Amino acid sequence: MRPEQERVRIEKLEELRKLGINPYPADLYEINASSADIKTDCDHLAAGDKVEEGKYKQVSVAGRLMSRRIQGKAGFAELQDSQGRVQIYMNRDEICPGEDKSYYNNVYKKLVDLGDILGVKGYVFKTQTGELSIWVTEYTLLTKAIKPLPQPKTDEDGKVHDAFTDPELRYRQRYVDLVVNPQVRDTFIKRTKLVNTMRDYLNDKGYLEVETPILQPLYGGAAARPFKTHHNTLDMTLYLRIANELYLKRLIVGGFDGVYEFSKDFRNEGMSRFHNPEFTQVELYVAYKDYEWMMNLVEEMVEKVAIALHGTTEVQVGANTINFQRPWKRYTMFEAIEHFTGIDISEMNEDQLRETCKKLDVETDPSMGKGKLIDEIFGEKCEGSLIQPTFITNYPVEMSPLAKSHRDKPGLVERFEAIANGKEICNAFSELNDPLDQRQRFEDQVNLGKRGDDEAMTLDEDFLRALEYGMPPTAGLGIGIDRLSMIMTNSSTIQEVLFFPQMRPEKQPVIATVDDYKSIGVREELVPIIQKLGYFEIEKLKEANANKLHQEVCGMRKKLKLNDVKNPSKEEVAEWLA
RNA sequence: UCGCUUGUAGCUCAGUAGGUUUAGAGCAUCUGACUUUUAAUCAGAGGGUCGUGGGUUCGAGUCCCACCAAGCGAACCA
C-alpha cells in the first residue's frame with residue numbers, strides 16, 4: 001500500500017487526464033534560457049523593473065518545482081533546472097485571462113505538486129524585494145512526480161534545515177540526493193572537470209588515449225584479489241582487471257611513445273571509506289623517460305587540476321589547507337622514516353628492522369621480509385603525517401616486482417608515490433624492462449603465492465614475451481582518480497565521489513498484489529483490511545489461525561469504518577487458508 | 001570478518017525511569033483564507049507493520065536475544 005501522499009498524487013494524475021492534460025507529454029519543450037543565464041544577464045534590473053526587450057522578454061525555462069508560496073490569486077514558486085533555481089511569479093489573471101480560472105485555481109494550485117517538472121514562459125522582472133523572477137504568462141506540466149521529495153529549507157542566514165542527510169538513502173537514491181543537495185551536484189561536476197583537465201593535459205603532450213581489456217585471462221599489474229567470471233563460448237575463466245599496467249606496456253613495446261587510459265579497475269577486497277570494489281585509475285606510460293621525469297609531470301598535472309577546480313593551488317580539505325603549488329617536497333623513504341622517527345634504518349638488516357619495529361610499536365609477523373618491514377614502518381609512522389603533497393622515492397625491491405632496480409642503490413627500486421592529506425594519490429616507477437629480471441621477480445611472486453599469499457602476482461608469459469622483443473626505457477604512472485577527487489572536493493569518503501557506490505542489496509519484501517489475494521478467494525474490498533493488518537505476503541496469511549484472522553478482519557473493518565464492506569464469514573476465511 | 005553506534009510519518013527529529021484509552025513536533029500532504037512572497041503567514045484535518053523476528057513482563061518504541069541494513073573504527077586493501 002502506497003503512502004497517503006503518493007496515493008493522492010496518483011489520483012491527481014487521473015484528474016489531470018480527465019481534464020485533457022497529459023501529465024507526461026511527448027512534445028519537446030523549447031527552452032531559451034537557464035536559471036543561471038537569467039541571473040547573469042538580468043541582474044542589472046532595478047527592483048520593480050522588468051525586461052522590456054530581447055529574449056528575456058519572452059523567456060522559456062523548464063525545471064522542477066521545488067518550493068511554492070501561494071497567496072490566494074497569485075504566488076511565488078521556485079523552479080530548479082540543471083544550473084540552479086529561479087523564482088517564478090504565478091498570477092491567476094495572467095495565467096487565465098478569460099472567465100475560466102480553473103487552470104490556475106484547480107490545476108496549478110491543486111493538481112501540480114512540489115517535485116513536478118514544469119515549463120514556463122513569460123518575462124523576467126525583479127520584485128520589490130530585489131529577487132529576479134519570471135512573470136509567468138503560460139505554464140505547461142511536463143512531468144508529474146508521484147513520490148514527494150525531501151524538503152530541505154534554507155533560512156535567511158543560509159543555514160539548511162531538515163537537510164536530506166541519511167547516507168544510506170542518499171547513496172541508494174542518488175537521484176534524490178542530486179535534486180535536493182546542490183553541493184552533491186557540484187562535487188561530481190568537479191570530478192568530471194578533474195578528469196577532463198588531466199585528459200587535456202595528456203593530449204596536449206601528444207599521448208594516445210587507449211582502451212585495453214577489462215576481461216583478462218590472467219590478472220596482473222598489481223597485488224590484489226580479483227573478481228572471477230566465466231565466458232561460456234570459450235568455456236574459460238576470465239578475471240575483471242585489477243590494473244591495466246601489463247597491457248599498456250605491451251603497447252609501448254608496440255612502438256607508441258606515450259599511452260594512457262582512464263580505467264575502471266576491480267578488486268575483490270574489503271570496502272571502507274577509502275575503498276570501493278570498482279574504482280578508477282589513470283595509468284600513463286611514456287617511453288624514454290624515467291621516474292624523475294615523471295615526478296615533474298605529476299606535479300605539473302595535479303597543480304593544473306587544482307587551479308582548474310579552485311582557481312588557486314590551495315585546496316581546503318577538512319581542517320587542512322593543502323597547497324599543490326610546485327615544487328613538492330621530496331623524501332626518500334629512508335629520509336622520511338628518519339624525519340618522523342629519528343631513526344636511520346638505511347643500513348639495517350632484517351633483524352635490526354624487526355627490533356626497530358618493536359621499539360616503534362609497529363606490528364610485525366614472521367612472514368614479513370626486509371622490504372615489508374620498511375613499508376610497515378613508513379605506513380604506520382609517516383604516511384598519515386604527510387599532509388602537504390610530498391613525493392616518497394626509492395622503495396624496497398621486494399614490494400615492487402614491476403619496477404626497475406635503482407641505478408645506484410642496491411636493494412631499492414626507482415619508484416615514487418605522491419602522498420597528500422595522509423594518503424597515497426599516485427604510484428610510479430621507471431618500468432622494469434629487463435625480461436630476465438622480470439621473469440625472476442614473477443617467479444619470486446609465484447613462490448609467495450605458493451606460501452599462501454593470495455595477492456601475489458601471477459606469471460604472465462605473453463607479457464614476458466613482449467618484453468623479450470624489447471621495451472624501451474619507460475616511465476609509468478598510476479593515479480587514483482577517486483582518492484584525488486576526494487581531496488579536490490573535500491570529501492571524507494569515497495562514496496561521496498562515486499555516483500553509485502557499492503551497497504548491499506536492498507531488501508525487497510515480496511508484497512502480494514490484489515490479484516494474489518483474489519486468487520486464494522479474498523474479496524477485493526477486503527484486501528485493504530488484510531494489508532492494514534500486516535499480511536503483505538500470501539504465505540504469511542496462509543499461516544494465520546482462521547478464527548483469529550476472522551476476528552482481526554472484522555475488527556479492522558470496524559476500526560476503519562468501512563461500513564459498505566461486508567464482513568467475511570468464518571467459513572469464507574477458512575477457505576482462504578485451505 | 002571483529003568492535004562501537006544508529007534504525008520512530010514522505011524528509012529531519014523528540015519520545016524521560018518499562019505505564020495516561022488513540023506514539024509526538026517541524027517541514028511536506030489535505031480543507032479553508034490571502035495579488036510582490038522568499039524557512040511566507042493564519043485556522044483546521046489526515047498520515048505510523050516504532051528495521052524484521054523472537055523473548056522477559058500484568059504491560060515493550062523503551063529491557064534481553066537473533067537477524068537485516070547503514071555509519072564510524074579496526075583487520076584487509078604492497
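Proteins get letters first, then strands, A, B, ... in listed order; numbering begins at 1 in each. Given the structure is predicted, the values throughout are model-derived calculations rather than measurements.
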### Gap between atoms CH2 and P, on A/Trp135 and B/U37 respectively (whole Å)
13 Å
## Note on the structure
Taking for A/Arg225 and for A/Arg273 the nucleotide of RNA chain B with the nearest heavy atom, the one nearer the 5' end belongs to A/Arg273
#### Entry: Side-chain-base donor-acceptor pair under 3.5 Å for A/Thr127 and B/U37
yes
### Query
Considering only B/U38, B/A39, B/U31, which nucleotide approaches the side chain of A/Glu156 most closely?
B/A39
### Message
Let's go through A/Gln173 and A/Asp177 carefully: what are the C-alpha distance in whole Å and the side-chain angles of both, what is the deciding distance for side-chain hydrogen bond (donor to acceptor under 3.5 Å, both in side chains) to 0.1 Å, and is it a yes or a no?
### Response
CA-CA 7 Å; A/Gln173 303 185 36; A/Asp177 193 26; over 6 Å; no
### Query
Among the nucleotides B/G47, B/C27, B/A70, which one has an atom lying closest to any side-chain atom of A/Glu168?
B/A70
### Query
Judged by modelled atom types alone, do A/Gln87 and A/Arg69 share a side-chain donor-acceptor pair under 3.5 Å?
yes
### Query
Does a side chain donor of either A/Glu496 or A/Ser491 reach within less than 3.5 Å of an acceptor in the other side chain?
no
### Query
A/Ser35 and A/Arg85: side-chain donor and acceptor closer than 3.5 Å?
no
### Query
Which nucleotide sits closest to the side chain of A/Arg415: B/G71, B/A78, B/G10?
B/A78
### Task
Once you apply the 3.5 Å cut-off to both distances, tell me the Watson-Crick or G-U wobble partner of B/U1, or none.
B/A74
### Query
Quick one: on RNA chain B, does A/Asp113 or A/Asn91 contact a more 5' nucleotide (nearest heavy atom)?
A/Asp113
### Query
Rounding to a whole Å, what distance do you find between A/Arg69:CZ and B/U38:C1'?
4 Å
#### Entry: Side chain of A/Met503 (C-beta onward), nearest among B/A39, B/C72, B/A70
B/A70
### Task
Check the pair A/Glu52, A/Lys50 against side-chain contact (heavy atoms from CB on, under 4.5 Å), reporting the backbone distance first and the verdict last.
CA-CA 6 Å; A/Glu52 298 287 0; A/Lys50 61 179 186 178; 4.0 Å; yes
### Residue A/Asp162, side-chain heavy atoms: nucleotide from B/C27, B/U29, B/U37 that is nearest
B/C27
### Query
Roughly how many Å is it from CZ in A/Arg170 to C1' in B/A70, rounded to a whole number?
13 Å
### Query
Taking atom C1' in both B/A69 and B/G24, what distance in whole Å separates the two?
26 Å
### Query
Looking only at side chains, do A/Gln502 and A/Asn276 share a donor and an acceptor under 3.5 Å apart?
no
### Message
Is there, by distance only and without an angle test, a donor paired with an acceptor across the side chain of A/Glu4 and the base of B/U29 below 3.5 Å?
### Response
no
### Query
Can you check whether A/Lys159 has a side-chain N or O nearer than 4.0 Å to OP1 or OP2 of B/U12?
no
### Task
Could you check which of B/U12, B/C34, B/U29 has an atom nearest any side-chain atom of A/Lys73?
B/C34
#### Entry: Donor-acceptor pair under 3.5 Å, A/Gln128 side chain vs B/U37 base
no
### Query
For B/A39, does either OP1 or OP2 sit under 4.0 Å from a side-chain N or O belonging to A/Lys153?
no
#### Entry: Which nucleotide in B/C11, B/G10, B/U36 has an atom nearest any side-chain atom of A/Phe76
B/U36
## Note on the structure
Under a 3.5 Å limit on both distances, the Watson-Crick or wobble mate of B/U41 is B/A33
### Counter-base of B/G7, judged by Watson-Crick or G-U geometry with both distances under 3.5 Å
B/C68
### Query
Out of B/A70, B/A78, B/U38, which has the shortest distance to the side chain of A/Arg172?
B/A70
### Message
Could you tell me the Watson-Crick or G-U partner of B/C13, where both distances fall under 3.5 Å? Say none if there is no partner.
### Response
B/G24
### Query
For A/His161 and B/A39, do the ring centres fall under 5.5 Å apart while the planes stay under 30° apart?
yes
### Query
Rounded to the nearest Å, what distance is computed from the CD atom of residue A/Glu78 to the P atom of nucleotide B/U36?
18 Å
### Message
Does a side-chain N or O of A/Arg504 approach OP1 or OP2 of B/A70 to a distance below 4.0 Å, or not?
### Response
yes
### Task
Take A/Leu16 and A/Lys144 through the side-chain contact (heavy atoms from CB on, under 4.5 Å) test and state the conclusion after the steps.
CA-CA 10 Å; A/Leu16 284 163; A/Lys144 180 84 195 146; 3.9 Å; yes
### Message
Please report the distance separating the P of B/C64 from the corresponding atom of B/G47, rounded so that it comes out in whole Å.
### Response
33 Å
### P-based separation of B/G10 from B/U49 [nearest Å]
7 Å
### Message
For A/Phe227 together with A/Tyr239, are the ring centres under 6.0 Å from each other?
### Response
no
### Between P of B/A78 and CD of A/Glu383, the distance in whole Å
12 Å
### Query
Between B/A78, B/A28, B/U35, which one does the side chain of A/Tyr89 approach most closely?
B/U35
### Task
For B/A66 and B/G26, measure between their C1' atoms and round to the nearest Å.
36 Å
### Message
Please report the distance separating the C1' of B/U6 from the corresponding atom of B/A78, rounded so that it comes out in whole Å.
### Response
35 Å
### Counter-base of B/G18, judged by Watson-Crick or G-U geometry with both distances under 3.5 Å
none
### Task
Please measure how far the C1' atom in B/C65 lies from the corresponding atom in B/G46, and state the result in whole Å.
38 Å
### Query
A/Ser272 side chain: which of B/A78, B/A75, B/U36 is closest?
B/A75
### Task
Measure from CD on A/Glu506 to P on B/A69 and round the result to the nearest Å.
12 Å
### Message
I want to check one thing: is the phosphate of B/U36, taken as OP1 and OP2, less than 4.0 Å away from some side-chain N or O of A/Lys126?
### Response
no
### Message
Output the rounded distance in Å from CZ (A/Phe164) to P (B/A70).
### Response
15 Å
### Query
Rounded to whole angstrom units, what separation is found between the CG atom of A/Leu114 and the P atom of B/U38?
17 Å
### Task
Please state the C1' separation for the pair B/C13 and B/G61 - nearest whole angstrom.
14 Å
